[in-house]
Student: 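I'd like to ask you about the structure that follows.
Predicted model only: the values in this text are computed from it and were never measured.
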Amino acid sequence: MLRFIRLCLLSIGLLPVAAFALPANKPTPGFTRVAIETSVGTIVVAVDQTRAPRTSANFLTYVDDGRFDGVTFYRAARRKSDPKYGLIQGGIDTDLRRALPPVAHEPTSRTGILHLDATLSMARPNRPNSAMGNFFITIGATPTMDAREAYIGYAAFGHVVGGMDVVRKILAVPTCCGSGPMRGQMIIKPITILRARRLDGTPKPTRGVKPWLIGVKRTAK
């Protein structure tokens, strides 16, 4: 009887781990995969629509609208203690023509998605509810990005499920310049995001004018 009780307690203790297991690079309920095709290779991410629905929906709208097509990974922040770890950041940068309204913040204390290795998260200015079209990917665990006490942290909303070798390649490229917390972290020759596209589900682009495409000449296919 005692052995049975111990087994039950062990099973209960393991339930959260099983429920929150990272997805594989295949269709997974509750997740949508996106291929981020760059000039140095493809990164596949899985966004967690169950635990971070607002942040995931925001990211997928940028993808479905083509707002990430032609932008760059422009930041590589390497740890001083070990430059093999850090984060890379990409997205629309300051191109407000591509921007959607800011998304409500979903802190890690609510979602349970922590900044572990290969975590996908939203970049934002130093204020809440301000993330738009810039994101970052961690290389190595980065618990300083998680919410704690009065600190709201950053909104993690997915994980890399393919192409971490490409992520590490981008982290290693030469950097310079920048200011404040980004000092010395701006990529000298930014890595182009050729295209971002869904691998699962049906795209849901917004309607209306897309200002960043005005004046762009389309080539015949």
Side-chain angles (χ1 to χ4, degrees), residues 10 12-36 38 41-60 62-63 68 73 75-91 103-124 128 131 134-173 181-182 185 191 193 196 199-200:
L10 180 60
I12 292 170
L14 290 175
L15 278 176
V17 176
F20 297 152
L22 300 186
N25 190 3
K26 62 181 181 180
T28 305
F31 293 87
T32 295
R33 291 175 302 154
V34 171
I36 304 172
T38 82
T42 298
I43 303 164
V44 181
V45 297
V47 301
D48 192 330
Q49 293 177 280
T50 301
R51 292 191 287 166
R54 292 180 177 177
T55 313
S56 294
N58 175 70
F59 183 82
L60 289 172
Y62 276 89
V63 170
F68 289 144
F73 279 103
R75 181 186 181 196
R78 294 179 285 272
R79 291 184 194 170
K80 292 182 180 179
S81 59
D82 191 338
K84 294 192 302 295
Y85 299 101
L87 64 85
I88 63 171
Q89 184 171 317
V103 63
H105 184 60
E106 292 179 311
T108 57
S109 55
R110 182 190 308 162
T111 64
I113 308 172
L114 302 180
H115 288 86
L116 306 175
D117 182 44
T119 298
L120 175 66
S121 190
M122 291 303 296
R124 60 169 176 78
N134 292 293
F135 59 91
F136 63 89
I137 297 170
T138 59
I139 302 91
T142 314
T144 55
M145 299 290 189
D146 295 335
R148 58 188 182 278
E149 298 178 354
Y151 176 61
I152 66 171
Y154 292 81
F157 66 101
H159 299 86
V160 175
V161 295
M164 272 304 288
D165 57 327
V166 178
V167 174
R168 287 187 285 268
K169 184 185 298 185
I170 296 173
L171 181 68
V173 300
M182 294 188 182
Q185 299 176 357
I191 306 300
I193 296 176
L199 297 180
D200 305 308

Student: First locate atom CZ of R168, then atom OH of Y85, and finally report the distance between them rounded to the nearest 0.5 Å.
Tutor: 9.0 Å
Student: Write down the atom of I193, the atom of G91, and the distance for their closest heavy-atom approach.
Tutor: CD1-N, 4.5 Å
Student: Do R124 and N134 make a side-chain contact, defined as non-hydrogen atoms from C-beta onward lying under 4.5 Å apart?
Tutor: no
Student: Nearest 0.5 Å please: distance from the NE2 atom of H159 over to the CE atom of M164.
Tutor: 11.0 Å
Student: If you define the side chain from C-beta out and look only at heavy atoms, does anything of M182 sit under 4.5 Å from Q89?
Tutor: yes
Student: So how far is it from F59 CZ to F135 CZ, rounded to the nearest 0.5 Å?
Tutor: 5.0 Å
Student: Dump the intermediate steps for side-chain contact (heavy atoms from CB on, under 4.5 Å) on D200 and F31, then the final yes or no.
Tutor: CA-CA 8 Å; D200 305 308; F31 293 87; over 6 Å; no
Student: Between A131 and M122, which heavy-atom pair has the shortest distance, and what is it?
Tutor: CB-CB, 4.0 Å
Student: Could you tell me the separation between the CG atom of L87 and the CZ atom of R75, rounded to the nearest 0.5 Å?
Tutor: 5.0 Å
Student: With a cut-off of 3.5 Å and sequence neighbours excluded, list every side-chain donor-acceptor pair involving residues 145-155.
Tutor:
{"residue": "D146", "atom": "OD1", "partner": "H115", "partner atom": "N", "Å": "2.9"}
{"residue": "D146", "atom": "OD1", "partner": "H115", "partner atom": "ND1", "Å": "2.7"}
{"residue": "R148", "atom": "NH1", "partner": "T144", "partner atom": "O", "Å": "3.3"}
{"residue": "R148", "atom": "NH1", "partner": "D146", "partner atom": "O", "Å": "3.2"}

Student: Between D48, L120, T108, V45, which is the residue that forms a side-chain contact (heavy atoms from CB on, under 4.5 Å) with F157?
Tutor: L120
Student: Could I get the full list of side-chain contact (heavy atoms from CB on, under 4.5 Å) partners for V166, not counting sequence neighbours?
Tutor: T38, V40, I43, I170
Student: Counting C-beta onward and ignoring hydrogens, is there a side-chain heavy-atom pair between V47 and L60 closer than 4.5 Å?
Tutor: yes
Student: Applying side-chain contact (heavy atoms from CB on, under 4.5 Å), run through L114 and T119 and close with a yes or a no.
Tutor: CA-CA 8 Å; L114 302 180; T119 298; over 6 Å; no
Student: Identify the heavy atoms of I137 and V167 that sit nearest to each other, and give their distance.
Tutor: CG2-CG1, 3.9 Å
Student: Counting distance only, does the side-chain N/O of E106 pair as donor-acceptor with the main-chain N or O of T55 below 3.5 Å?
Tutor: yes
Student: Just wondering, are more than 12 heavy atoms of other shown residues or ligands nearer than 6.0 Å to CZ in R54?
Tutor: no
Student: Heavy atoms only: give me the nearest A156-T111 pair and the separation to one decimal.
Tutor: O-OG1, 4.3 Å
Student: Quick one: do the Q49 and S56 side chains pair a donor with an acceptor below 3.5 Å?
Tutor: no
Student: With D82, which of K84, R79, R78, K80 fulfils salt bridge (Lys or Arg N to Asp or Glu O under 4.0 Å)?
Tutor: K84
Student: For the residue pair G140 and D117, what are the closest heavy atoms and their distance?
Tutor: N-OD1, 2.6 Å
Student: How long is the span from the CD1 atom in I191 to the CD1 atom in I36, to the nearest 0.5 Å?
Tutor: 13.5 Å
Student: Minimum heavy-atom separation for V34 and A196, please, with both atom names.
Tutor: CG1-CB, 4.4 Å
Student: Taking T28 for its side chain and K26 for its backbone only, find out whether a donor-acceptor pair lies under 3.5 Å.
Tutor: yes
Student: CG/L171 to CZ/F73 distance, rounded to the nearest 0.5 angstrom?
Tutor: 11.5 Å
